[in-house]
Structure formats: C-alpha cells, structure tokens
Amino acid sequence: MRTLLILIGAAILTGACRQPVQSTPEIVLTTSDPAAEGMAPDRIDRISQMLNKAVSDGEIPGGVALIARNGKVVYHNAFGLSDTQGSLPFKKDAIFRIASQTKAITATAIMMLWEEGRFRLDDPISEYIPEFENTGVLESFNEADSSFTVTPLENPITIRHLLTHTSGIGYGVIDQDPRFRMIYKKAGITDLFTTEDIPIGANIRKLAGLPLHHVPGDKFTYSEGLDVLGYLIEVITGKPFDLFLKERLFDPLGMDDTWFYLPESKESRLVPVQHMRDGQWEPYPITFYDPDYPVKGARRFFSGGAGLSSTAMDYAVFLQMFLNNGEYNGTRVLSRTTVETMMANQIGDLWAGGPKDYGLAFGMVNPDGIASGGIGGAGTFDWGGYFNTQYFADPGEQLIGILMKQTQGTSSDQTGWKFRQMTFAAIDD
C-alpha cells in the first residue's frame, strides 16, 4: 500500500510539473535585410547580375525572382520586360500561369480532406468515380483508327497512385508515347488548359475509359492524376473545385492573387506567354490551347494538374506554410504529421540512384542528392511549371527560392539551375 501511494503521488507530481508541448512559432512572411538572415548581400547581387545578363543575352525576356529565409523575404526583384511588344517592364506583383505548380496545391487540398477521414490513401479511385472500375493496361493499338484493347487490372488505381504519378494514366498531348497522344485526341480529352465550356467531371469520366501505360504502382509516369483528384474533391465535397480552394486554402492564407480564372481587376497583371522568333520575343500563338485561357472563354475547366495562375509572393506563402509544418497566418492547413507523410518517399526505388525521391506533392532531394551540389539539403522539395516557372524550399535551411517566367521553347534558358545553385551559395552563416 505504501508503494502504491508513493507511485500515485509521483504520478500526480509529474502531471503537475509536465509542460505542454510547444509548437514551432508560426512564421508569417515579412521583409528583411539579407545579412540579417545569414545571406551574403554581395552573393545575392550576383543573382541579379546573372538574371539581367540572361535578359540582355536573349535567354529570357524577363521575370520575377524571390528568396526568403527564416520567414523573411530577403530578395524580391523583377527584371526585363513582361511584354516586349509593348515594352512593359516586369513588376513584382505580376501574375503567371503556374501550370504544374498547381499539382502541389491540389495535393494539399486532397490531404486536407484525408485529415477529415473522408478516405484512405489506398482506397480505389473507383469507389468514388465508378467509371474507373473497368480501366486496364494498353495491350494492343491500331494506328489506323486509334482503337485499342486492354488487359484488365488485378489491383485498382488508388488515390496514392494518383498523387504519386504511378497510376499509369498518361498525359495526352504532351505524352511521351505517340500512341497515347492519338488515343487521348480521339477521345477528346482536355489535357491542360481550355477556353471551352468543359467541366472537369465530364473530362475525367472520359479519361477513365482510356488505357493505362502500365500496372498501377509499377512505374513513375507523369500524368493527369492530379486532374482526377481535382474532380474527386468535387465528388466528396459537392463544391466546385475552384470554390473549395478559395474557401479552404487561398482566403485563409491570404493568397489573393491565386486563381484558375482571374477577376477582371487582376487581368492586366497577367504576363503574356512569349517565345523567340527570328531573334525577337513575340507573343506565343494559339496551338492546342489559347495562352489567354486565364482571362477568356467559359472559365469552367479547373485543371488540378495545371490550371492555376499566381504570383511569386503568393506561392512563397504556400511554401512557407509547409516550412511552418502546415500552418500560416493563424490557420492550420495540415497537421505536422501529415506534412511529414507528404514529404516521405512514396515511390520506393522507382527513382533509385537519382538525387531525388517523390512524395505526395513534390520532388524531394534525398541524402545522396547533397553530393550533386547546388540543389539543397536532404528534404528540399521542389517542382516547376510548363511555362518556365520553378521553385524550391529547404526545411533545414528555412530557405525558399522562386523564379517565375512565361516562355515557351526556350531551350537556351539556363537561369533555373543557376538561380537555385547561386541561392544556396549565398548562404553565409
């Protein structure tokens, strides 16, 4: 009895003395001097020199660059011309088509619903979108009429497969396999952007009837999986995808410049897509899409894989939320534990031997990648966009880098890797 009383007393004393777990202080982006945040001012200047030289050499018409460290924006500059036809200089609040940078935002929205217990990551997508029940792997293809046969799946496509580009779904007009380009075209799939009156649900239900590249989980094939998940959000919530993002993510975080289709008051800030022709930068023409889709047409196609437009500052806020372990501006978007899951290698050894792994939203530098040099420490997460935008964020260094441009066909552009390498080289603490 005496021993029991001692143990009870110790337990009470321990409980009284135990302090609550302290969370990491929330960081909201503000501006600061580079030196105050351990960044060498002269090395930051090198970045400006490099970007301005790229403009004068004709590599790019211009752009916007942002660097933040420890929650402080230490560099945010515009350079070159946003519209060479009108000789309009870039401004820091320019709005860019961020294309595949949309994928991480869609993945974040999916994980918000996952936290609510709406589904499990390994649930078959067919439980929510029944049209996927009969999806199979491409077996034979007739080039004459784009007809095909499939081998039925033994194991279904899951939500995790769609998040990690391992579902086997293709990417239509930009697919590496010409057979899938032909199949998607015949089926009338909208792959990326459109000004036409097409809801994402109608598009995804057609996509579900098309063949897969491979058995789900066997390979990494960059795909329209995040477009499927954008529609899944509509199915689960009963809300249009754009409204869900606005109410649950953009408004709470203060991302006022991030939209699928821009309000009239913001249209003038959208940067034209440009390409080089006969030694001059010119507006990119209409091809399989109209480059002005964010301000024209029916405004109904909410592509979860490529449809958003945004600013460098808005995307920095999104990345800082992850560096804050899921919280920003007084809003907890994701749990710290969920962020850890998203940043874990989700594709096993499919990228074995390379400097990066892939999680549930980003590519991530692995320990072997440190030896590559210039891409950040282990855990640095990144991606880019079809119109020549790039970003990275290093949790260990609490460092964000964003470089926004709007070009097509610029194979001579070396600013992406230079910006990243020189940003990490500017760390001086």
Side-chain angles (χ1 to χ4, degrees), residues 100 103 106-107 110 113-114 118-192 194 198-236 241 288 301-306 346-352 358 360-361:
S100 285
K103 289 180 169 66
T106 301
I110 281 290
L113 294 176
W114 175 82
R118 303 291 192 100
F119 53 81
R120 293 173 296 182
L121 289 176
D122 296 314
D123 281 348
I125 189 62
S126 58
E127 290 186 7
Y128 307 91
I129 307 175
E131 287 81 1
F132 279 96
E133 288 180 355
N134 298 317
T135 303
V137 177
L138 182 64
E139 182 177 274
S140 67
F141 174 72
N142 186 337
E143 189 170 344
D145 61 3
S146 297
S147 61
F148 58 85
T149 62
V150 300
T151 302
L153 295 179
E154 294 184 9
N155 296 304
I157 298 171
T158 67
I159 294 170
R160 191 189 303 270
H161 290 143
L162 294 166
L163 283 165
T164 58
H165 300 282
T166 58
S167 68
I169 292 174
Y171 225 136
V173 73
I174 62 171
D175 204 291
Q176 298 299 306
D177 188 327
R179 298 175 301 172
F180 282 85
R181 293 199 295 270
M182 295 172 69
I183 290 170
Y184 278 46
K185 181 178 180 180
K186 181 181 178 181
I189 299 298
T190 301
D191 300 297
L192 301 166
T194 187
I198 301 173
I200 57 174
N203 192 61
I204 297 307
R205 289 191 294 271
K206 286 192 297 184
L207 178 67
L210 302 184
L212 304 178
H213 280 257
H214 52 76
V215 172
D218 277 10
K219 298 179 181 179
F220 181 99
T221 300
Y222 202 51
S223 77
E224 295 185 32
L226 275 300
D227 287 77
V228 177
L229 294 176
Y231 178 48
L232 175 63
I233 289 170
E234 293 195 346
V235 170
I236 290 174
F241 182 34
F288 66 89
F301 190 73
F302 310 128
S303 170
Q346 294 283 341
I347 62 170
D349 61 359
L350 294 183
W351 282 4
Y358 197 84
L360 293 180

Going from [atom1] on [X] to [atom2] on [Y], what distance comes out if it is rounded to the nearest 0.5 angstrom?
X: T151; Y: L138; atom1: OG1; atom2: CG; value: 8.5 Å
X: E224; Y: S167; atom1: CD; atom2: OG; value: 10.0 Å
X: L162; Y: S223; atom1: CG; atom2: OG; value: 7.0 Å
X: I169; Y: L207; atom1: CD1; atom2: CG; value: 5.0 Å

Using 30° and 60° as the class limits, which term best fits the ring planes of F220 and H165: parallel, tilted or perpendicular?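 The rings of F220 and H165 sit tilted, inter-plane angle from 30° to 60°.
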Under 4.5 Å between any side-chain heavy atoms of [X] and [Y], yes or no?
X: I159; Y: L229; result: yes
X: L163; Y: Q346; result: no
X: F241; Y: T106; result: yes
X: D227; Y: I204; result: yes
X: V173; Y: K185; result: no
X: F148; Y: N142; result: no
X: L212; Y: I157; result: yes

Inter- and intrachain pairs under side chain to side chain donor-acceptor pair (under 3.5 Å), touching residues 206-222, at least two apart: S100-Y222, K103-Y222, D175-H213, H214-T221, Y222-W383
Scan residues 151-166 for pairs that pass salt bridge (Lys or Arg N to Asp or Glu O under 4.0 Å), counting only residues two or more places apart or in two chains. D122-R160
All salt bridge (Lys or Arg N to Asp or Glu O under 4.0 Å) counterparts of R118, not counting sequence neighbours: E116
Could you tell me whether K186 atom NZ has more than 12 heavy atoms of other residues or ligands within 6.0 Å of it?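 More than 12 heavy atoms, drawn from other residues, nucleotides or ligands, come within 6.0 Å of this atom.
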Apply ring-ring contact (aromatic ring centres under 6.0 Å, His included) to [X] and list each qualifying residue two or more places apart in sequence or on a separate chain.
X: Y184; answer: none
X: F288; answer: none
X: Y231; answer: none

List for me each residue that meets side chain to side chain donor-acceptor pair (under 3.5 Å) alongside [X], sequence neighbours excluded, and say none if there are none.
X: E234; answer: none
X: T166; answer: T164
X: S147; answer: D145
X: T190; answer: none

Considering non-hydrogen atoms only, spot the tightest contact between [X] and [Y] and give its length.
X: A107; Y: L226; answer: N-CD1, 4.0 Å
X: A306; Y: S303; answer: N-OG, 3.1 Å
X: V150; Y: P211; answer: CG1-CB, 3.6 Å
X: G172; Y: R181; answer: O-CG, 3.0 Å

Counting only pairs under 3.5 Å, give me each side-chain donor-acceptor contact of residues 125-135, with atom names and distances, residues two or more places apart or in other chains.
{"unit_1": "Y128", "atom_1": "OH", "unit_2": "D123", "atom_2": "OD2", "d": "2.7"}
{"unit_1": "T135", "atom_1": "OG1", "unit_2": "F132", "atom_2": "O", "d": "3.2"}
{"unit_1": "T135", "atom_1": "OG1", "unit_2": "A208", "atom_2": "O", "d": "2.8"}

Donor-acceptor contact present, side-chain T149 to main-chain E139, <3.5 Å: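 Side chain of T149 to backbone of E139, a donor-acceptor pair under 3.5 Å: no, none is there.
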Quick one, T158 with L121, criterion side chain to side chain contact (heavy atoms under 4.5 Å, CB included). Give me CA distance, side-chain angles, the key distance, then yes/no. CA-CA 7 Å; T158 67; L121 289 176; over 6 Å; no
If the condition is side chain to side chain contact (heavy atoms under 4.5 Å, CB included), which residues does D349 pass it with, not counting sequence neighbours?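 A352.
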